[in-house]
Amino acid sequence: MFTIGDFARYGRVSPRMLRHYDAIGLLRPDRTDPANGYRFYGAAQLARLNRVIALKDLGFTLQEVGSILDDEITAQELRGMLRLRRTELEAAMAGAAARLNQVEARLRSIESEGRMDTDDVVIKQVPAVRVAELTGTAAGYRPQDITPVIVPLYERLFPLLAAAGLTPSGPGIARYEDAPGGNAAVGAVLVHAGVTVSAPVGLVGDSGVRVVELPAFEAATLVHRGSMDSVLTTEQVLARWLDSSGHRSVGYIREVTLECPEEKEKWVTELQQAIVQA
């Protein structure tokens, strides 16, 4: 079972949205603690959440979404509706492209239901590593929030390292954490765009780059192949593994870039989810 915060991360939605869906009866938690009111969700509920978001992105109201789901729409029917929406979006202005990517990601997750193999998940000890990173703040954990922040950070990072005479000694490492203070209440996320280096801990001159030591931890890992725009399906494989393995996730997934050619569909990224025994 997942807390509302953990379930929101794997569904790439906000806890506030899940609370609203619960209030209107669209997506009830698996269990609510009678003592404190805490909500708990199961990985199987990601299937309904995927459908809710996909239908909402098609333009249906939440009331219409509820009616459609209550009629038990099939994956094939939903696939046809999503493909129709894809054609409409491709003909629309360029600004709709980001929304199209998210429709595609939800479509891939829906099509993979029942065929998502958790056998490739590997538990391992991730050693301590030193990284040079730049940090920014994203409005949320959705790809359309993260991408406009992390891409410019990486575009700035490597020239700054070169100017400082620092050469990366290992892969890129992107990590996330809740923004401090009031921002966390509305789902804001700190985005750390980093790369492995051999350098002293601390600020790199006045560049804004900071070298930090990331501690070792135990992780459930899974390799994602392709653009990070399509990472949702791979992340939800991890969610299903966690739900059945007796482990609990700690924080956000770390993304370690193993291969990063110009063609994004050929990227290879290891997802590292810190875990503890449940």
(message) To the nearest 0.5 Å, what is the distance between CZ on Arg142 and CD1 on Ile146?
(response) 10.0 Å

(message) Tell me every residue that passes side chain to side chain contact (heavy atoms under 4.5 Å, CB included) with Asp243, counting only those two or more places apart in sequence or in another chain.
(response) Phe2, Ala43

(request) For Ala174 and Ile150, work out which heavy atoms get closest and say how close. (result) CB-CD1, 3.6 Å

(request) Look at the side chain of His20 and the backbone N and O of Leu18, then say whether any donor-acceptor pair between them is shorter than 3.5 Å. (result) no

(message) If we ignore hydrogens and angles and just use 3.5 Å, is the side chain of Ser227 paired with the main-chain N or O of Lys264 as donor and acceptor?
(response) no

(request) Without swapping roles, check the side chain of Trp267 against the backbone of Thr257 for a donor-acceptor pair under 3.5 Å. (result) no

(request) Quick one: pull up OG1 in Thr269 and NE2 in His224 and give me the separation to the nearest 0.5 Å. (result) 6.0 Å

(message) Holding to side chain to side chain contact (heavy atoms under 4.5 Å, CB included), I want the full list of residues that pass it with Pro171, two or more places apart in sequence or in another chain.
(response) Thr196, Val256

(message) Please find the pair of heavy atoms, one from Val195 and one from Gly170, that lie closest to each other, and give the distance.
(response) CG2-O, 3.6 Å

(request) Heavy atoms only: give me the nearest Pro143-Pro148 pair and the separation to one decimal. (result) O-CD, 4.1 Å

(request) Using a strict cut-off of less than 4.0 Å between a Lys/Arg side-chain nitrogen and an Asp/Glu carboxylate oxygen, indicate whether Arg225 and Glu270 qualify as a salt bridge. (result) no

(request) For residues Thr137 and Val149, report the shortest heavy-atom separation together with the two atoms involved. (result) O-CG2, 3.7 Å

(message) If you compare all heavy atoms of Val209 against all heavy atoms of Ala132, which two are closest, and at what distance to 0.1 Å?
(response) CG1-CB, 3.8 Å

(message) Applying side chain to side chain contact (heavy atoms under 4.5 Å, CB included), can you list everything that pairs with Gln76, at least two apart in sequence or on another chain?
(response) Thr74, Arg79

(request) Could you tell me which non-hydrogen atom of Ser14 sits nearest to which non-hydrogen atom of Ala8, and how far apart they are? (result) C-CB, 4.0 Å

(request) Salt-bridge test for Asp22 and Arg19: reply yes if a basic N is under 4.0 Å from a carboxylate O, no otherwise. (result) no

(message) Using 0.5 Å steps for rounding, measure from the OH atom of Tyr38 to the CE atom of Met1.
(response) 15.5 Å

(message) So that I can tick it off, tell me whether Arg9 and Glu235 are bridged by a salt bridge, with the cut-off set at under 4.0 angstrom between side-chain N and carboxylate O.
(response) no

(message) With ring-ring contact (aromatic ring centres under 6.0 Å, His included) as the test, pick out the partner of Tyr41 among Tyr21, Phe7, Tyr10.
(response) Phe7

(request) Consider only side-chain N and O atoms of Glu255 and Tyr176, and report whether a donor and an acceptor are under 3.5 Å apart. (result) yes

